[in-house]
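Input: a single structure, listed below in structure tokens.
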Amino acid sequence: QVQLVESGGGLVQAGGSLRLACAASRSLFTINVMDYMGWYRQAPGKQRERVALITSGGSTNYADSVKGRFTVSLDNAKNTLHLHMNNLKPEDTAVYYCNLHERLVDYWGQGAQVTVSS
């Protein structure tokens, strides 16, 4: 089990930047190479979308809509997952959730509202 606490949401103008953090109560990855962490978002009227992914091996994946603008990273010393969002667009407005997939079990943060104004 693990607790995930998100921080860093807010209101920003288009073209601005925002940083999200997801602090875990313990080490995030085990020896299982299938483990991964990611950021998801859900906007009103839309399905949940995976934005970014980082595996226990350190490889990353990004949705096409955010590639080149968002960066996911893991601070192992602080057990914290980060999402750096640059050049934000109104279409990025959503509730953002961090996720840990660990040995067939999913853990979720409480969600952080990100609102991008035109």
Side-chain angles (χ1 to χ4, degrees):
Q1 304 102 318
V2 61
Q3 301 287 329
L4 303 176
V5 180
E6 298 181 40
S7 61
L11 175 65
V12 65
Q13 293 183 347
S17 299
L18 208 60
R19 298 172 182 172
L20 302 180
C22 176
S25 59
R26 61 161 172 81
S27 180
L28 296 171
F29 291 129
T30 70
I31 196 172
N32 189 345
V33 297
M34 299 295 181
D35 293 347
Y36 61 85
M37 295 194 72
W39 290 94
Y40 294 73
R41 68 186 182 187
Q42 187 164 25
K46 296 184 178 180
Q47 296 185 2
R48 184 181 63 183
E49 173 190 22
R50 188 166 69 192
V51 174
L53 179 71
I54 185 167
T55 71
S56 59
S59 62
T60 57
N61 272 347
Y62 297 93
D64 289 340
S65 58
V66 306
K67 192 172 298 182
R69 300 188 297 119
F70 290 13
T71 303
V72 62
S73 62
L74 179 63
D75 186 337
N76 289 304
K78 297 182 178 180
N79 295 327
T80 301
L81 184 74
H82 296 271
L83 183 67
H84 293 186
M85 303 180 290
N86 300 309
N87 191 24
L88 283 161
K89 304 175 180 180
E91 305 89 84
D92 297 318
T93 296
V95 178
Y96 285 71
Y97 301 90
C98 67
N99 165 260
L100 167 65
H101 183 82
E102 183 185 63
R103 301 199 176 188
L104 308 181
V105 179
D106 280 297
Y107 303 91
W108 295 91
Q110 82 278 11
Q113 177 68 51
V114 173
T115 303
V116 184
S117 61
S118 301

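The basis for the numbers below is simple: all heavy atoms, side chains too, and nothing from hydrogens, waters or symmetry mates. Throughout, residue positions are numbered sequentially from 1 according to the sequence presented.
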Whether the side chain of [X] engages the backbone of [Y] through a donor-acceptor N/O pair (distance < 3.5 Å, no angle test) should be reported.
{"X": "Ser59", "Y": "Gly57", "result": "no"}
{"X": "Asp75", "Y": "His82", "result": "no"}
{"X": "Ser25", "Y": "Gln3", "result": "yes"}

Shortest non-hydrogen separation from [X] to [Y] and the atoms involved:
{"X": "Thr55", "Y": "Tyr36", "answer": "CA-CB, 4.0 Å"}
{"X": "Glu6", "Y": "Ala112", "answer": "OE1-N, 3.4 Å"}
{"X": "Gly111", "Y": "Val95", "answer": "CA-CG1, 3.9 Å"}
{"X": "Ala14", "Y": "Pro90", "answer": "CB-CD, 4.1 Å"}

Which distance, rounded to the nearest 0.5 Å, do you find between the [atom1] of [X] and the [atom2] of [Y]?
{"X": "Leu83", "Y": "Tyr62", "atom1": "CG", "atom2": "OH", "result": "8.0 Å"}
{"X": "Gln1", "Y": "Glu102", "atom1": "CD", "atom2": "CD", "result": "9.5 Å"}
{"X": "His101", "Y": "Met37", "atom1": "NE2", "atom2": "CE", "result": "12.0 Å"}
{"X": "Thr60", "Y": "Leu53", "atom1": "OG1", "atom2": "CG", "result": "8.5 Å"}
{"X": "Leu81", "Y": "Asn99", "atom1": "CG", "atom2": "CG", "result": "9.5 Å"}
{"X": "Asn87", "Y": "Met85", "atom1": "CG", "atom2": "CE", "result": "12.0 Å"}

Check your understanding: Just checking, any donor-acceptor pair under 3.5 angstrom between side chains of Ser65 and Glu49?
Key ->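 Side chains of Ser65 and Glu49: pair found under 3.5 Å.
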
Exercise for review: Classify the side-chain pair Tyr40/Arg48 by whether it contains a donor and acceptor separated by less than 3.5 Å.
Suggested key: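 Looking only at side-chain atoms, Arg48 and Tyr40 do not form any donor-acceptor pair under 3.5 Å.
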
Review point. Are side-chain heavy atoms of Leu20 and Phe70 found at a separation under 4.5 Å?
Key: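 With C-beta onward as the side chain, the pair stays apart.
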
Review point. Side-chain contact, heavy-atom cut-off 4.5 Å: Leu4 with Leu100?
Key: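 They are in contact (side-chain heavy atoms under 4.5 Å apart), so the answer is yes.
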
Check your understanding: Is Val72 reachable from Val5 through a run of I, L, V, M, F, W or Y residues, each pair having side-chain heavy atoms under 4.5 Å apart?
Key ->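 The answer is no; the residues belong to distinct hydrophobic clusters.
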
Check your understanding: Do you reckon Leu74 sits in the same ILVMFWY cluster as Val2, going by side-chain contacts under 4.5 Å, direct or chained?
Key ->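 Yes: a chain of side-chain contacts under 4.5 Å links Leu74 to Val2.
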
Check your understanding: Between Glu91 and Arg41, does at least one N-O distance fall below 4.0 Å, as a salt bridge requires?
Key ->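 The answer is no: the pair does not qualify as a salt bridge.
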
Practice item. Considering only NZ, NE, NH1 and NH2 on the basic side and carboxylate oxygens on the acidic side, decide whether Lys89 and Asp92 come within less than 4.0 Å. Key: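 No, no charged N to carboxylate O under 4.0 Å.
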
**Study point:** Qualifying residues under side-chain hydrogen bond (donor to acceptor under 3.5 Å, both in side chains), relative to Gln113, sequence neighbours excluded
**Key:**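 Only Thr115 meet the side-chain hydrogen bond (donor to acceptor under 3.5 Å, both in side chains) criterion with Gln113.
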
**Study point:** Residue list, side-chain hydrogen bond (donor to acceptor under 3.5 Å, both in side chains) with Ser17, at least two apart or on another chain
**Key:**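 Expected list: Asn86.
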
Practice item. List the steps and the verdict of side chain to side chain contact (heavy atoms under 4.5 Å, CB included) for Leu18 and Val114. Key: CA-CA 8 Å; Leu18 208 60; Val114 173; 3.9 Å; yes

**Study point:** Ring geometry between Trp108 and Tyr97 (parallel below 30°, tilted from 30 to 60°, perpendicular above 60°)
**Key:**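 Ring orientation of Tyr97 relative to Trp108: perpendicular.
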
Review point. Does anything in residues 76-118 pair up under disulfide bond (SG atoms under 2.5 Å apart), and if so which pairs, sequence neighbours excluded?
Key: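 Of all non-adjacent pairs touching residues 76-118, those that pass disulfide bond (SG atoms under 2.5 Å apart) are Cys22-Cys98.
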
